[in-house]
2 protein chains.
Amino acid sequence: MTRPLTSAERALSALREMIMGGQLAPGARLGEVELADRLGVSRTPVREALSRLAAEGLVQVVPNRGARVATWTVAELEGVFDLRAVLEPRLTALAVPNARPADVDELDALARRMQEVGAPGPDQDLDALVPLNRAFHDRLVALAGHPALAAALAAAIHPPIVRRNFLTYDEESLRRSLGHHAEIVAALRAGDPDWARAVMTSHIANARAVMVRAARLQTTATATPEEETA
Amino acid sequence: MTRPLTSAERALSALREMIMGGQLAPGARLGEVELADRLGVSRTPVREALSRLAAEGLVQVVPNRGARVATWTVAELEGVFDLRAVLEPRLTALAVPNARPADVDELDALARRMQEVGAPGPDQDLDALVPLNRAFHDRLVALAGHPALAAALAAAIHPPIVRRNFLTYDEESLRRSLGHHAEIVAALRAGDPDWARAVMTSHIANARAVMVRAARLQTTATATPEEETA
DNA sequence: TCCGGAGAAGTTGCATGCAAGGTAGGGCCG
DNA sequence: CGGCCCTACCTTGCATGCAACTTCTCCGGA
């Protein structure tokens, strides 16, 4: 049975979703009253949520001057992928001995579903990939059973993006990426940590190449520091 | 010129210091009114500080039931050192090419000072080691110039301890630990990243052995779940 | 025309008050 | 005598109000 969430918690996850989902662009101003109105609560829980998001790195707060959705530079983005390249393969290897058949089946289902909705053609639905991808990686993190590693990874990944960015994958990279998921499932089934680790290393490298290219394009395209609220 | 801190920020760092400094024992209850009185502010900034500390993992908050200083198990502690063993040597290697002579001199001074106050004898002052040690490691983190890695490390290290724990070092381990600092300085001066990385690896392994042993003793000693506020 | 400053409008920071939820103690019933 | 429930107290969650700070605008002077 799930405990009724507090207003602050709802505000927190609502804001997180808005930012992660791209409805709130990086650099967008986050006025307390506006958010409070939109979420149907007072400023107090909104302030608490913003505070926590700032601690997570999703939001930047300057005292007396309000909060904005965090922005990042290409260098920061590369730093994040540096780190993912160290942590995630390790985490994947850890997951191997802990994965029970049921877990593997679940990951398998996610990987297959991603291949379906990601396949080029009229039924392709890139937006649907985002939650599936998150589910896949979250499941893997949970299987690793290493809270400290998970916390470190979360701290590093949150600030930037990783989401709504399947939009930026070119066809070949996307096919590679989806193939990696399936291959990780295979490695899990085979119980081979080294295999799993290697695939995840490739997976991150592939994602890194895509993201960095996209970020470069984006920053050159938007020379104007955008000032939008929604 | 430094901007005047807000009450919430002061509450945040005050609480962080109290927890890190050991004045607030793990598991200690953190009543909002009591803290507000002690810090001379209202409950609002205290709540904000607690919220952020919860995001950092230093305190645990249960809705409607208040906040407590976070506790950790031996397994969690080992997980943290696992992670440090991966991240900190890497970070140290990164610092090598960025260290200018002035930086090295500064680290050298810290390392020497630690050797002085840590030397066995009547002048030994283990409490003084804590801030020096933090300064040394923080300096190294800054030199690495890798914000994402720093964030990940901070996220992983915060929850547990690392501080006020020179108290638990036996004489030999302490001498080793202080020696490592000096050796890292030497590696920086020599401009040898591999050397620096290796020393840091040893440094973490040494600390890990000490901490895990101390944690084991502590948990067996305190079978009673302590319930102190100060 | 451009720069500087005074004023006003809008925001944030914090304190306080009230209501809801939780906890502890005592009395009642089995 | 033991267990349960009810009550009173305490704590947290949130809304609201006010003061301080920022920023935008408008006006006068160079």
Side-chain angles (χ1 to χ4, degrees), chain A residues 1-16 18-19 24-25 27-56 58-70 224-230, chain B residues 1-16 18-19 24-25 27-56 58-70 224-230:
Chain A
M1 180 197 135
T2 174
R3 178 173 48 72
L5 296 170
T6 65
S7 295
E9 280 172 316
R10 276 185 292 115
L12 181 63
S13 46
L15 281 174
R16 209 183 340 236
M18 284 193 213
I19 295 172
L24 257 36
R29 202 176 135 53
L30 298 168
E32 295 180 1
V33 283
E34 185 200 334
L35 293 174
D37 288 350
R38 198 193 298 199
L39 298 173
V41 296
S42 81
R43 282 172 47 219
T44 308
V46 171
R47 280 180 65 80
E48 188 170 329
L50 288 175
S51 211
R52 297 191 57 163
L53 288 171
E56 289 180 19
L58 267 180
V59 160
Q60 290 162 337
V61 175
V62 181
N64 286 319
R65 297 178 58 178
R68 296 180 164 274
V69 179
T224 312
E226 31 200 329
E227 181 68 28
E228 40 189 313
T229 308
Chain B
M1 176 195 131
T2 176
R3 176 174 50 70
L5 296 169
T6 65
S7 295
E9 280 173 317
R10 276 185 293 115
L12 180 63
S13 45
L15 281 174
R16 206 177 351 227
M18 284 193 214
I19 295 172
L24 256 37
R29 202 175 135 52
L30 298 168
E32 294 180 1
V33 283
E34 186 201 333
L35 293 174
D37 288 350
R38 197 192 300 197
L39 298 173
V41 296
S42 83
R43 283 171 48 219
T44 307
V46 170
R47 280 180 65 80
E48 187 169 330
L50 287 176
S51 211
R52 297 192 57 164
L53 288 170
E56 287 180 21
L58 267 181
V59 311
Q60 292 161 337
V61 176
V62 181
N64 286 318
R65 296 178 59 178
R68 296 181 163 273
V69 178
T224 312
E226 32 201 329
E227 181 66 29
E228 40 189 314
T229 308

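Chain letters run A, B, ... following the sequence lines, proteins first, then strands; residues in each count from 1.
Atom CG of L15(A) sits about 12.0 Å away from atom CZ of R10(A), to the nearest 0.5 Å. In this structure, the separation between CG on L58(B) and CG on L30(B) is 10.5 Å, given to the nearest 0.5 Å. Summarising the geometry, atom CE belonging to M18(A) is positioned 5.0 Å from atom CG belonging to L39(A); distances are rounded to the nearest 0.5 Å.
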For nucleotides 15-25 of chain C, just jot down a letter per nucleotide in 5' to 3' order: B, S or -, based on protein non-hydrogen atoms under 4.0 Å. BBB---SSS--
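The nearest whole Å value for the distance from the CD atom in Q60(A) to the P atom in dT12(C) is 16 Å. Look at CD on E32(A): it is 15 Å from P on dT22(D), rounded to the nearest Å. Rounded to an integer number of Å, the gap from E34(A) CD to dT11(C) C1' is 13 Å. When rounded to the nearest whole Å, the span between CG of L30(B) and C1' of dT12(D) equals 14 Å. As rounded to whole Å, 16 Å separates atom C1' of dC14(D) from atom CG of L12(A). Between the P atom of dT12(C) and the CD atom of E48(B) lies a distance of 13 Å, rounded to the nearest Å.
When atom types are taken as modelled, the side chain of R68(A) and the backbone of G27(A) share a donor-acceptor pair closer than 3.5 angstrom.
Using modelled atom types, one finds no donor on one side chain facing an acceptor on the other under 3.5 Å when comparing R16(A) with S13(A). Side chains of T44(A) and R47(A): a donor-acceptor N/O pair is absent below 3.5 angstrom, by distance only.
For the OP1/OP2 pair of dG13(C) and a distance below 4.0 Å, the side-chain nitrogens and oxygens of R47(B) include no atom meeting the criterion.
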